[in-house]
Amino acid sequence: ERKKKIGWDGCRMYVISMLQQLKTLDGKEVKRSERIMANQRHEELTSELRVLAVECANVKKSKIKRQNDVNAAADGRATTTGGNAGFENQKGDGGGEEVTEHTPEVRAEISREMAQQKSQKEEQERANQPKYRGEKEFQEEQSETARRERERKENGTIRQCNGEWG
């Protein structure tokens, strides 16, 4: 079982050897002795970094190939590595990944749905905005309200009754 390596032990030394004017790195002062050791190991660190870069590229290529195999199997196409390639994690071991189709048709449908949701949201926001009233509309509304209030007083009607009136 291979553990996933996080970071690179030679990273600090490599950066110090590449950047001669560097005073601090990761909040720590770069000491003169550290700079001398980094310069002495520069060739070794460079070759180590090249090997790690190749390994990383190979891992990335294999991940892409596995994902392509999973997508091919999900689409019903034949795969290059066999019938169940890419489905190891779906047998109930708790680490399964959902297999989805990413065909142009599916992507177009998702895009249409998102555009529809966006337009509905914008329409709702426009409906919730206060209505624009110009000076003329405001005066008309005020005069209409005043006219109704005068009529109510003239007729003697009660607008609201919170109890029984005899």
Side-chain angles (χ1 to χ4, degrees), residues 1-138 140-141:
E1 189 175 329
R2 185 176 178 203
K3 289 186 177 180
K4 194 172 191 178
K5 186 174 182 179
I6 298 175
W8 172 42
D9 295 333
C11 180
R12 180 174 174 84
M13 297 286 258
Y14 181 77
V15 170
I16 291 171
S17 71
M18 292 299 291
L19 304 172
Q20 293 295 318
Q21 290 80 20
L22 192 65
K23 303 287 184 200
T24 60
L25 179 61
D26 295 331
K28 296 179 184 174
E29 181 182 349
V30 177
K31 297 179 182 168
R32 187 168 185 253
S33 60
E34 195 175 16
R35 187 177 310 281
I36 291 170
M37 288 190 319
N39 287 334
Q40 290 173 347
R41 292 189 55 205
H42 179 74
E43 294 299 322
E44 174 190 345
L45 293 169
T46 302
S47 63
E48 188 177 334
L49 181 61
R50 285 190 180 122
V51 169
L52 288 173
V54 169
E55 286 178 10
C56 185
N58 290 337
V59 167
K60 189 172 184 178
K61 285 179 187 176
S62 67
K63 283 182 181 180
I64 290 171
K65 184 176 180 343
R66 276 197 308 264
Q67 186 61 43
N68 288 341
D69 289 346
V70 168
N71 290 343
D75 291 343
R77 299 186 303 239
T79 63
T80 57
T81 59
N84 287 334
F87 289 102
E88 298 84 20
N89 289 336
Q90 294 192 3
K91 296 181 180 176
D93 64 355
E97 294 178 2
E98 180 182 350
V99 177
T100 59
E101 289 187 50
H102 292 289
T103 62
E105 295 82 17
V106 171
R107 290 180 180 175
E109 180 65 27
I110 291 171
S111 177
R112 281 191 293 273
E113 288 175 5
M114 289 175 64
Q116 182 182 12
Q117 289 172 354
K118 182 179 178 182
S119 66
Q120 287 174 347
K121 181 179 178 184
E122 289 172 351
E123 184 179 317
Q124 183 66 34
E125 287 175 355
R126 276 194 304 272
N128 291 338
Q129 292 293 320
K131 293 185 171 55
Y132 171 76
R133 295 187 314 186
E135 188 66 30
K136 183 178 179 183
E137 290 87 4
F138 181 73
E140 288 174 359
E141 184 179 323

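Counting from 1, the numbers follow the sequence of the chain as shown.
Between Glu29 and Lys23 there is no side-chain heavy-atom pair separated by less than 4.5 Å. Side-chain contact between Val15 and Cys11 is present, with at least one heavy-atom pair separated by less than 4.5 Å.
When the side chain to side chain donor-acceptor pair (under 3.5 Å) test is applied to Glu140, no partner is found at least two apart in sequence or on another chain. Applying the side chain to side chain contact (heavy atoms under 4.5 Å, CB included) criterion to Lys31, with sequence neighbours excluded, gives Ser33, Glu34. Partners of Glu109 under the salt bridge (charged side-chain N to carboxylate O under 4.0 Å, His left out) rule, at least two apart in sequence or in another chain, are Arg112.
Between atom CG of residue Leu52 and atom CD of residue Glu48 there is a gap of 5.5 Å, rounded to the nearest 0.5 Å. Taking CD1 of Ile64 as the reference point, atom NZ of Lys61 lies at 9.0 Å (rounded to 0.5 Å). Within the model, atoms CG of Leu25 and CZ of Arg12 stand 4.5 Å from one another, a figure rounded to the nearest 0.5 Å. One finds the CH2 atom of Trp8 at 4.5 Å from the CG atom of Leu49 (value rounded to the nearest 0.5 Å).
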Distance-only check: which donor-acceptor pairs under 3.5 Å involve side-chain atoms of residues 119-127, not counting sequence neighbours?
from, atom 1, to, atom 2, distance (Å)
Ser119, OG, Ala115, O, 3.4
Ser119, OG, Gln116, O, 2.8

For residues 38-46, please give each side-chain donor-acceptor pair under 3.5 Å, one per line with the distance, not counting sequence neighbours.
from, atom 1, to, atom 2, distance (Å)
Asn39, OD1, Gln20, NE2, 2.9
Asn39, ND2, Arg35, O, 3.3
Arg41, NH2, Glu44, OE2, 3.3
His42, ND1, Ser17, OG, 2.9
Thr46, OG1, His42, O, 2.8

